[in-house]
Amino acid sequence: MKKMNKQKTRQEENKLPKSHETDVLIIGGGLAGCVLAYQLLEQGKRVIVLDEPHHSTASRVGAGIINPISGKRYSSIWNAKEVLPSALNFYRKCTDELPRKPDRIYCREVPTLRMFASEEERNFWETKRAQEQHFAQLVETHTVDELYDKLSISASYGALQFLSWHVDTEVLVADLRNALASRDALWEDFFDETLLKLEENAAGGLRYKNFSAQQIVFCHGWKAHKSSLWGTLPLSPAKGELLTVRLKSASLRHLLVKGTFLLPLFLSSASENASQETDLVRIGASYEWEQLDERINADVGMSLLESAQAIFPTEMHIVEHRAGVRPAAKDSRPFLGVHPRYKQCFVMNGFGAKGAVLVPYCAEQLALLLDGQGNIPREIALERFSRN
Ligand SMILES: Cc1cc2nc3c(=O)[nH]c(=O)nc-3n(C[C@H](O)[C@H](O)[C@H](O)COP(=O)(O)OP(=O)(O)OC[C@H]3O[C@@H](n4cnc5c(N)ncnc54)[C@H](O)[C@@H]3O)c2cc1C
């Protein structure tokens with residue numbers, strides 16, 4: 001196993017250019033690294049992304065749901081007024097600009113039903129809605145029978161109805177990577193931090209193998225805990241598993257949420273109209289903090305299937321089972337900022353289960369910081385972890 005990795009690295013090294021000068025070197029080509037790179041290229045910067053391709057990165061595996069109300073506490077999206085339009089505009093722009101298959105839509109609306117699990121949960125929601133006025137415009141409370149009268153959806157306490165979005169991060173990242181590669185801005189290689197040469201003086205920039213750059217940004221997801229530069233950050237990575245199933249004799253057009261979610265997967269442009277139904281559904285997602293690897297576990301898959309069938313009792317056939325690790329921070333917010341010692345070193349990470357909605361806005365903020373402009377909002381700034 002070790003030998004294979006070594007051989008692969010040597011082969012990949014051969015593909016690296018003899019020497020390359022750039023403005024910004026980005027480590028990690030998941031959603032975070034690719035979106036940042038794309039935005040910087042648009043601003044006329046020279047950019048190189050270094051990424052070790054991996055089949056189970058969070059961006060390839062993740063469900064990509066943007067849910068305006070989530071979690072047990074019915075939380076809204078942080079800074080939704082700025083973050084949500086920024087995300088939706090960016091994905092629309094990608095659909096307009098990226099060379100893509102004609103039937104690809106990166107982000108689409110999904111009507112959503114969130115079912116109450118108990119009377120207490122419904123009361124909790126009613127109190128919250130009364131206290132936080134903005135929820136009133138966002139959601140309607142329903143009994144589910146009127147929506148799914150033919151199917152016995154398990155929602156004896158009623159449900160909320162609202163609009164969510166599904167971002168196909170797997171396909172989007174693949175297309176962004178192709179766009180970057182076509183501009184010589186993506187190199188597939190493992191980044192070995194021990195070979196990084198940083199000047200104490202930020203103006204001196206940095207060197208890595210054959211690359212020289214003015215600035216370096218680390219977007220390397222959950223593996224950041226292994227970094228000597230960023231390893232002390234309070235990351236709390238969480239493994240997650242998802243199933244894709246085919247419904248045998250039913251179809252679905254709503255995202256159903258009751259702890260577990262059932263996300264209808266629309267595969268063609270004709271389905272931009274979300275009133276269509278589909279028999280292909282993604283089910284998720286589990287949470288696990290101890291066993292951090294990207295292996296699927298059949299027991300977890302079975303338990304996801306059972307939970308899904310308890311919500312939507314119909315025959316389901318498993319088509320795919322996937323696992324990955326969310327790069328989550330202990331306080332569930334991303335972190336952006338500059339290294340306390342090396343002022344040419346930056347980080348953008350900690351997107352947890354909210355990468356789809358947060359990455360485009362955070363990339364805009366980080367781009368400003370690289371230019372010495374703007375202030376990262378306190379809630380997502382690296383400085384919030386410093387002692388003073
Ligand atoms: C099961 C699951 C369900 C999810 N569901 C949702 C959801 O519904 N909605 C949502 O918004 N988000 C969801 N997420 C989270 C979302 O996918 C992430 O927030 C987002 O993809 C993080 O992107 P990233 O670029 O920071 O990390 P990643 O996608 O992990 O990318 C990091 C990249 O860095 C590379 N890398 C790491 N170390 C090195 C190195 N030394 N050298 C070179 N390259 C390196 C990796 O190979 C990888 O390509 C889910 C995640 C999982 C796992």
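Each ligand, and each atom within it, is numbered from 1 in the order the structure gives.
Shortest non-hydrogen contact noted between R326 and S286 is NH2-O, 2.9 Å.
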Take R129 and E126 through the test salt bridge (charged side-chain N to carboxylate O under 4.0 Å, His left out) and record every step on the way to the result. CA-CA 5 Å; R129 180 160 68 165; E126 296 298 352; 3.5 Å; yes
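A salt bridge does not link R60 to E294: none of the charged nitrogens lies less than 4.0 Å from a carboxylate oxygen.
In the hydrophobic clustering (ILVMFWY side chains linked at under 4.5 Å, chained through shared members), I296 stands by itself.
The aromatic rings of F385 and F335 sit perpendicular, their planes meeting at an angle over 60°, well past the 30° parallel limit.
Checked against the 6.0 Å centroid threshold, F218 and F191 count as a close aromatic pair.
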Distances only, to 0.1 Å: what are the N or O pairs between ligand 1 and the protein that fall under 3.5 Å?
residue	atom	partner	partner atom	Å
ligand 1	5 (N)	A63	N	3.1
ligand 1	8 (O)	G64	N	3.4
ligand 1	8 (O)	I65	N	3.0
ligand 1	9 (N)	I65	N	3.2
ligand 1	9 (N)	I65	O	3.0
ligand 1	9 (N)	A353	O	3.4
ligand 1	11 (O)	A353	O	3.4
ligand 1	11 (O)	G355	N	3.2
ligand 1	11 (O)	A356	N	2.8
ligand 1	12 (N)	A353	O	3.2
ligand 1	17 (O)	A58	O	3.0
ligand 1	19 (O)	G352	O	2.8
ligand 1	19 (O)	G355	N	3.3
ligand 1	21 (O)	S59	N	3.2
ligand 1	21 (O)	S59	OG	2.8
ligand 1	23 (O)	S59	OG	3.2
ligand 1	25 (O)	L31	N	3.2
ligand 1	25 (O)	A32	N	3.0
ligand 1	29 (O)	S59	N	2.9
ligand 1	29 (O)	S59	OG	2.5
ligand 1	30 (O)	A58	N	3.4
ligand 1	41 (N)	F191	O	3.1
ligand 1	42 (N)	F191	N	2.8
ligand 1	44 (N)	E52	N	3.0
ligand 1	47 (O)	E52	O	2.8
ligand 1	49 (O)	D51	OD1	2.6

